2 protein chains.
Amino acid sequence: MNSTVSLINEYWTDIYFHLHYLHKEKISHQVVRILQLVDKQKEVGVSEIASYIQVSHNTASEHVKRMIEKKYLIKTRDPLDERKVILWLTDFGKEVLHRNTSLDEEKLAQVLNQLDNNEKNIVEQALKILSERAKQCM
Amino acid sequence: MNSTVSLINEYWTDIYFHLHYLHKEKISHQVVRILQLVDKQKEVGVSEIASYIQVSHNTASEHVKRMIEKKYLIKTRDPLDERKVILWLTDFGKEVLHRNTSLDEEKLAQVLNQLDNNEKNIVEQALKILSERAKQCM
DNA sequence: TGTTTTATATCTTTCATTACGATATAATCG
DNA sequence: CGATTATATCGTAATGAAAGATATAAAACA
């Protein structure tokens, strides 16, 4: 079982290595993680970021400031509690996040084109299963 | 077809978001990419790094210096051409790379445990297919 | 209503990182 | 031997990341 896990991780990292985008932007790991959090979770504010990337509130607030300056994020306030910030990805932010975490769509399409229908189904099914179960149990 | 690609990317990023390690180290994106390159490709030296992350040779050399100081890498020379550097991951470097690019093995094991044998097979097959084809055609 | 708490924001300071151009060194090629 | 290639180092500059201290403004509480 442990060996299955390692094997899957090796496949996982190989896939990413060969199919990721050749990203140009100079971007820090922290900033990518903040983009991921805002993308995948609802109603993310400054304190959610602080606890997620384990920094103080003021540092998180500065990250947000810089990311808004760079047009990655926009900021609104929670209408039910005007103290609370709610962050949103801009289209540009989504693009940057995509280029830094997704698989290159052209490369992926090229790989998928080489698969027969059965293999293509297996791939789609497998990732669907993993993503659904991961969401459920984490 | 394009929608299959987007769908797979959404599954892909969801899986990573929910199953990655809660990494603590402050590490830059560039450094992670260098670790990936040294891990996945043979005989990586300073100039390979420079062209991979698109910086000048001197900058690449400085990256290598810092990464050796941090004990991520060790440096040897190509016996056939003593000008050329060949880089290797240390155990610590492998560990850092793992924590920053792989899925958390405990979380992954937990998810896999919820699958029946058929589903487990599909997952293993699918990632194997993708990684093999990605290696072949890139 | 007045006080406290909560959620952010800003200011200052410090340190590390990233990058480049210029220059240096050392091995190999012709 | 001179040219080329691969890497290293130096000086310098810009930026980023982080924390502590302090400030503000909204909400909760007594």
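Just so we're on the same page: letters track the sequence lines, and every chain starts at 1. What you are looking at is a predicted structure, and each value in this text was computed from that prediction instead of being measured.
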Practice task
Counting heavy atoms from C-beta on, name the nucleotide in dA9(C), dA27(D), dA19(D) closest to the side chain of Val46(A).
Solution key: dA9(C)
Problem - Rounded interatomic separation in angstrom, taking CD1 from Ile27(B) and P from dG16(D) - result: 19 Å
Problem - Donor/acceptor link under 3.5 angstrom from Arg83(B) side chain onto base of dT7(D) - result: no
Exercise for the section: Please name all residues satisfying side chain to side chain donor-acceptor pair (under 3.5 Å) with Thr90(A), sequence neighbours left out, ordered by chain then number. Expected result: none
Handout entry: Pairwise side-chain contact, Leu73(A) with Trp88(A), heavy-atom cut-off 4.5 Å (strictly under)
Key = no
Problem - Nucleotide dT7(D), atom C1' - distance to CD1 of Ile34(B) in whole Å - result: 15 Å
Handout entry: Approximate separation, where rounding is to 0.5 Å, of Ser47(A) OG and Lys84(A) NZ
Key = 5.0 Å
Handout entry: Within 6.0 Å of NZ in Lys128(B), more than 12 heavy atoms from elsewhere
Key = no
Practice task
Would you kindly give the CG-to-C1' distance between Leu87(B) and dA6(D), to the nearest whole Å?
Solution key: 12 Å
Completion exercise
Lys84(B) atom NZ is separated from dA8(D) atom C1', nearest whole Å, by 15 Å
Practice task
Would you mind reading off the distance between Asp81(B) atom CG and dC29(C) atom P, rounded to a whole angstrom?
Solution key: 6 Å
Problem - Between dA7(C) (C1') and Ile49(A) (CD1): distance, integer Å - result: 13 Å
Completion exercise
In this structure, CZ of Arg99(B) is separated from CD1 of Ile27(B) (nearest 0.5 Å) by 9.0 Å
Practice task
Check every atom of dT18(C), dA27(D), dT8(C) against the side chain of Val85(A) and return the nucleotide holding the closest atom.
Solution key: dT8(C)
Practice task
Scan residues 56-78 of chain B against DNA chain D and write down, sorted by residue number, each residue with any heavy atom closer than 4.0 Å; if none is found, say none.
Solution key: His57(B), Asn58(B), Ser61(B), Glu62(B), Lys65(B), Lys75(B), Arg77(B)
Exercise for the section: Could you label the plane-to-plane angle of the Phe17(B) and His20(B) rings as parallel, tilted or perpendicular, counting under 30° as parallel and over 60° as perpendicular? Expected result: tilted
Practice task
May I have the distance from Leu80(B) (atom CG) to dA27(C) (atom C1'), rounded to whole angstrom?
Solution key: 13 Å
